[in-house]
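Report on the following structure.
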Amino acid sequence: MNFVENIRRHITGAIGAALEAARNTGEINFEHLPTVALEVPREKQHGDFATNVAMTMAKQARMNPRQLAEKIVAHIDRGDWLKDVQIAGPGFINFTLHHHWLYPVLPAVQQTDDRYGASQAGAGKRVQVEFVSANPTGLLHMGNARGAALGDTLANLLRLAGFDVTKEFYINDAGNQIENFAKSLEARYLQLLGQDVPFPEEGYHGEDVAETMRGLIAKDGDKYVPMETTLRRELLVKYALQEKLSGIRESLARFGVDYDIWFSEQSLHDSGAIRETLETLRANGYIYENEGALWFKATSLGEEKDEVLVRSNGIPTYFAADIAYHKNKFDRGFDWVINIWGADHHGHVSRIKNAVKAVGYNSENLDVILMQLVRLFKGGEIVRMSKRTGQYITLDELVEEVGKDAARFFFVMRGADSHLDFDLDLAKSQSSENPVYYVQYAHARICSILRTAKDAGYEVPSVDGVDYSVLDHPAELSLIRKIADLPDEIARAATQMEPHRMARYAMDLAALFHSFYTHCRVLTDEKALRDARLVLVDDSRIVLRNVLSSMGLTAPERM
RNA sequence: GCGCUUGUAGCUCAGUUGGAUAGAGCAACCGCCUUCUAAGCGGUCGGUCGGGGGUUCGAAUCCCUCCAGGCGCGCCA
């Protein structure tokens with residue numbers, strides 16, 4: 001049950017009825033009922049909800065907005081929940097409600113507990129979230145970490161909002177980079193065994209490549225040395241991919257991220273899926289041949305240029321595989337497909353959307369979230385990162401240095417499209433400057449109150465016999481109001497793909513709780529007040545914990 | 001050159017899809033611990049929403065145009 005949604009319906013209903021009534025008496029003329037937009041005013045003095053219908057309708061009704069608003073207000077049925085209706089500014093109608101509209105949320109949080117905040121907004125629609133999908137040729141870096149935190153949190157939120165969610169990692173285990181990887185592995189392998197062979201110029205210079213080969217030598221010794229190079233590379237790559245992938249999987253698991261499906265690009269080659277996809281494209285008229293290569297007629301869908309699907313050497317491009325992959329996603333019946341990509345891939349967005357169209361699916365059901373890159377700061381200086389030279393901070397090192405909770409919070413705190421400056425010192429600092437601790441501290445503080453209460457023989461009362469109307473301090477009402485917002489907030493963050501809203505919500509809620517804490521004493525001798533506040537405090541605990549958990553963070557009971 | 005994207009307080013960022021006097025955290029300054037965790041609270045200071053035009057009752061938000069940063073424009077992935 002969503003109380004905010006409920007009251008919104010009441011108000012919009014009352015406005016609609018008032019408009020009809022005014023039309024019946026001939027006071028207002030209009031063709032059709034407009035959709036009534038309700039907003040929550042920034043200023044408290046403007047009431048709990050406000051509408052601008054009088055302004056939007058002014059033209060249609062041929063009346064000035066304030067006059068129109070007066071006519072509407074005269075016909076509003078105040079029921080037993082509406083305390084006051086005011087006309088303000090250019091023609092806003094402001095609604096102030098009796099406090100008691102909020103109170104039912106208090107027992108509801110107790111009853112739904114870890115499900116509080118969930119909703120049916122997604123109506124069981126099947127959504128796939130693909131994120132990280134890092135090359136299995138190296139270690140996870142900061143960009144991957146951001147994608148992991150955002151993708152995992154978004155998936156959690158979608159699930160809470162009533163979607164049927166599948167989390168997926170696309171393994172780029174095919175193509176030129178794998179060739180290149182193989183050459184690098186081979187060179188390192190032979191070098192480690194004392195052979196003087198050159199290292200490929202475009203190869204993977206990272207120390208982890210050598211490390212992988214050291215592991216193989218420890219296991220199998222020099223048995224690959226006498227082999228023919230093609231077979232050798234094949235075996236080395238097979239070993240390395242397996243090792244790298246399980247490393248990636250473990251790093252992500254430590255970061256609190258797991259997947260439902262690990263999808264191999266190579267499998268699209270092996271299964272014939274790419275060939276089938278090309279046939280589909282051909283049947284739909286999007287393919288032609290030129291200079292020995294097979295091309296996708298992207299220009300016919302508004303692109304600037306066409307794209308190669310199969311090179312003249314007969315090997316399909318990454319793009320061809322990606323089309324097959326996206327076709328596969330929709331073939332599997334997902335209603336909504338979300339990709340989280342680095343902003344450096346933004347050029348591919350319209351291309352893949354057109355490709356989705358070309359294979360016969362609705363590209364509106366594909367969303368690509370682009371993440372801006374992460375800049376690392378330490379001691380006020382930018383930490384330079386270069387993948388080519390293997391000089392970069394890995395996800396493992398990040399988790400080691402600042403901890404999982406701080407890292408995830410910092411990534412989720414900002415919108416995906418904002419350039420993220422990650423301050424390692426700040427994330428690590430256990431001070432008031434660090435928002436992670438601010439939020440977690442609120443939770444720990446609550447747990448402390450509840451412990452103290454228990455020691456004094458005060459339990460959180462069962463919800464029935466509690467009189468919530470004693471909770472009328474502004475700090476209490478604001479806190480309850482925030483708690484009541486959670487289901488909407490989650491649904492909105494999920495459907496709009498804006499996980500950073502939850503970090504903000506968490507900070508707002510923590511701030512409201514801290515404020516309540518300093519203004520209102522929980523453990524008083526006055527039983528009625530104490531009981532009501534114990535419920536409010538325990539509700540705050542539940543909501544904080546649920547929000548933290550949606551972001552993959554722990555909710556400490558002591559700090 | 002073409003395209004995408006960002007530009008909001010000293011710093012890092014929000015901004016409820018076009019609403020009322022543009023917000024938060026940090027930094028700075030001033031207060032508050034004999035009582036449930038001061039990793040906290042209250043207050044002050046801080047703005048040409050990159051610039052300029054336009055659309056309308058109303059613009060940080062939509063359109064145009066400049067300026068600045070980031071990124072993309074391979075038979076790479």
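Chain naming here is simple, since letters A, B, ... match the order of the sequence lines and numbering starts at 1 in each.
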*Under 4.0 Å between a side-chain N or O of Tyr438(A) and OP1 or OP2 of C41(B)?*
yes
*Which whole-number value in Å describes the distance from Met413(A) CE to A24(B) P?*
17 Å
*Give one of base, sugar-phosphate or nothing for His500(A), where a contact means two heavy atoms less than 4.0 Å apart.*
sugar-phosphate
*Tell me what Ser448(A) touches on the nucleic acid: a base, only sugar-phosphate, or nothing, going by heavy atoms under 4.0 Å.*
base
*Could you run through nucleotides 1-10 of chain B and give me one letter per nucleotide, 5' to 3': B if any protein heavy atom sits under 4.0 Å from the base, S if only the sugar-phosphate is that close, - if neither?*
-SBBSS----
_Within the 4.0 Å heavy-atom criterion, would you say Arg558(A) contacts the bases, only the backbone, or no part of the nucleic acid?_
base
*Side chain of Ile449(A): nearest nucleotide among U37(B), G40(B), A77(B)?*
U37(B)
_C1' gap between G23(B) and G15(B), integer Å_ = 7 Å
*Would you indicate what Tyr517(A) reaches in the nucleic acid, counting non-hydrogen atoms under 4.0 angstrom: base, sugar-phosphate, or nothing?*
base
*Determine the contact category for Gly415(A): base if any of its heavy atoms lies under 4.0 Å from a base atom, sugar-phosphate if only primed atoms, P, OP1 or OP2 are that close, otherwise nothing.*
sugar-phosphate
List the atom pairs, with distances to 0.1 Å, where a side-chain N or O of residues 290-301 of chain A and a protein N or O form a donor-acceptor pair under 3.5 Å, not counting sequence neighbours.
residue, atom, partner, partner atom, Å
Trp295(A), NE1, Asn290(A), O, 3.2
Thr299(A), OG1, Asp306(A), OD1, 2.7
Ser300(A), OG, Lys297(A), O, 2.9

_Closest-nucleotide 5' rank along RNA chain B - winner of Arg501(A) and Ala453(A)_ = Arg501(A)
*Phe92(A) stacking on A20(B): centroids under 5.5 Å, ring planes under 30°?*
yes
*Considering only the C1' atoms, how many Å lie between G52(B) and G42(B), rounded to the nearest integer?*
42 Å
*Would you mind reading off the distance between Trp341(A) atom CH2 and A77(B) atom C1', rounded to a whole angstrom?*
11 Å
*Look at Arg481(A) together with Asp485(A) and state whether they make a salt bridge at an N to O cut-off of under 4.0 Å.*
yes
_Salt bridge flag under 4.0 Å for residues Glu307(A) and Lys305(A)_ = yes
*Using a cut-off of less than 4.0 Å, is there contact between a side-chain N or O of Arg311(A) and OP1 or OP2 of C76(B)?*
yes
*Check whether the side chain of Ser312(A) and the base of C75(B) form a donor-acceptor pair under 3.5 Å.*
yes
*asked:* At a heavy-atom distance below 4.0 Å, what parts of residues 45-55 of chain A sit against RNA chain B?
replied: Gln45(A), His46(A), Ala50(A), Asn52(A), Met55(A)
*Could you tell me whether C26(B) is syn or anti, where syn means a glycosidic angle within 90 degrees of zero?*
anti
*Taking any strand in view, what nucleotide pairs with G3(B) in a Watson-Crick or G-U wobble way, both distances under 3.5 Å?*
C71(B)
*When you compare C71(B) with C62(B), how far apart are their C1' atoms, in angstrom units rounded to a whole number?*
25 Å
_Using only modelled atom types and a 3.5 angstrom limit, is any donor from either the side chain of Asp344(A) or the base of A77(B) paired with an acceptor on the other?_
no
_Under 4.0 Å, counting only non-hydrogen atoms across every strand here, what does Glu557(A) touch: a base, just sugar-phosphate, or nothing?_
base
*Do any side-chain nitrogens or oxygens of Arg375(A) fall under 4.0 Å of OP1 or OP2 in G70(B)?*
no
_Flag, side chain of Thr56(A) to backbone of Val53(A), donor-acceptor distance under 3.5 Å_ = yes
*asked:* Base, sugar-phosphate or nothing for Ala293(A)? Non-hydrogen atoms, less than 4.0 Å.
replied: base
_Cationic N near anionic O, under 4.0 Å, Glu202(A) to Lys183(A)_ = no
*Base, sugar-phosphate, or nothing for Asn94(A), non-hydrogen atoms under 4.0 angstrom?*
base
*Would Arg445(A) count as a cation-pi partner of Phe513(A), with NZ or CZ less than 6.0 Å from the six-membered ring centre and within 45° of the ring normal?*
no
_Length of the CG-P vector between Leu309(A) and G74(B), whole Å_ = 15 Å
*Between G42(B), U12(B), C36(B), which nucleotide has the shortest distance from any of its atoms to the side chain of Asp421(A)?*
U12(B)
*Phosphate OP1/OP2 of U37(B): any Thr452(A) side-chain N/O under 4.0 Å*: yes
*Which part of the nucleic acid, if any, lies within reach of Pro90(A) when heavy atoms closer than 4.0 Å are counted: base, sugar-phosphate only, or nothing?*
base
*Considering all heavy atoms of both residues, which atom of Ile248(A) and which atom of Gly138(A) are nearest to each other, and what is their separation?*
CD1-O, 4.0 Å
*Record whether the side chain of His348(A) comes under 3.5 Å of the base of A77(B) through a donor-acceptor pair of N or O atoms.*
yes
_Let's see if you can work this out: which of G40(B), A22(B), G42(B) has an atom nearest to the side-chain heavy atoms of Arg42(A)?_
A22(B)
*Looking at Tyr441(A) versus Tyr438(A), is the centre-to-centre ring distance below 6.0 Å?*
no
